[in-house]
Amino acid sequence: MLIIFKRSITQSSDKNYSEELISLDLEHNTKILKVKQLLEEITQIDTCHQMLFYRGRILEDKEQLNFYNFEEGHHVAILRRSIICTCHPK
């Protein structure tokens, strides 16, 4: 199933932003945490900083894609959380 992830990128020097679209072809039983790990490789956003939204719902790491009744080609929003990340301890 093809899912398109949409990430807004803001420039700190001004109020302009652009959008990045990332397409992933995934199996229906893929866990959200695995999706975040794939997105981390592409976006360089740690999994613990990612929030994924689909149809107004936050996607939970433990769930599989089929839990959310994704429709092929629909967009999933990627937001970056500003929290202390513990997923990559130093």
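Worth knowing before you read on, the calculation uses all heavy atoms, side chains too, and leaves out hydrogens, waters and symmetry mates.
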Check your understanding: For Met51, what are the other residues in its hydrophobic cluster, where any two members join if their side-chain heavy atoms are less than 4.5 angstrom apart?
Key -> Phe53, Ile58, Leu79

Practice item. To the nearest 0.5 Å, tell me how far Asn69 CG sits from Tyr54 OH. Key: 8.0 Å

If you look only at distance, which donor and acceptor atoms sit under 3.5 Å apart when one is on a side chain in residues 27-35 and the other is two or more places apart or in another chain?
unit_1 : atom_1 : unit_2 : atom_2 : d
Thr30  : OG1    : Glu27  : N      : 3.4
Thr30  : OG1    : Glu27  : O      : 2.9
Lys31  : NZ     : Lys62  : O      : 3.0

Check your understanding: Can you tell me how far NZ of Lys36 sits from CG of Asp61, rounded to the nearest 0.5 angstrom?
Key -> 4.0 Å

Point to revise | CD on Gln37 to CD1 on Ile42, rounded to 0.5 Å | key: 12.5 Å

Study note, to complete from the structure: Residues passing the ring-ring contact (aromatic ring centres under 6.0 Å, His included) test with Phe5, sequence neighbours excluded, are none

Check your understanding: Can you tell me how far the NZ atom of Lys6 sits from the CD atom of Glu19, to the nearest 0.5 Å?
Key -> 4.5 Å

Review point. Measuring from Thr43:OG1 to Leu38:CG, what's the distance to the nearest 0.5 Å?
Key: 10.5 Å

Point to revise | Residues in side chain to side chain donor-acceptor pair (under 3.5 Å) contact with Tyr68, at least two apart in sequence or another chain | key: none

Check your understanding: Quick one: does Val76's side chain get under 4.5 Å of Ile4's, heavy atoms only?
Key -> no

Exercise for review: Might you work through the side-chain contact (heavy atoms from CB on, under 4.5 Å) test for Phe70 and Leu2, ending with a clear yes or no?
Suggested key: CA-CA 9 Å; Phe70 279 95; Leu2 181 67; over 6 Å; no

Point to revise | Leu24 vs Ile3, side-chain contact (heavy atoms from CB on, under 4.5 Å): CA-CA, chis, key distance, verdict | key: CA-CA 5 Å; Leu24 295 176; Ile3 300 178; 5.5 Å; no

Check your understanding: side chain to side chain donor-acceptor pair (under 3.5 Å) with Asn66: which residues, sequence neighbours excluded?
Key -> none

Review point. Of all residues at least two apart in sequence or in a different chain, which pass the salt bridge (Lys or Arg N to Asp or Glu O under 4.0 Å) check with Arg55?
Key: Glu71

Exercise for review: For the pair Gln50 (side chain) and Ile45 (backbone), establish whether a donor and an acceptor sit closer than 3.5 Å, ignoring hydrogens and angles.
Suggested key: yes

Check your understanding: Heavy atoms, side chains only, cut-off 4.5 Å: are His75 and Leu21 in contact?
Key -> yes

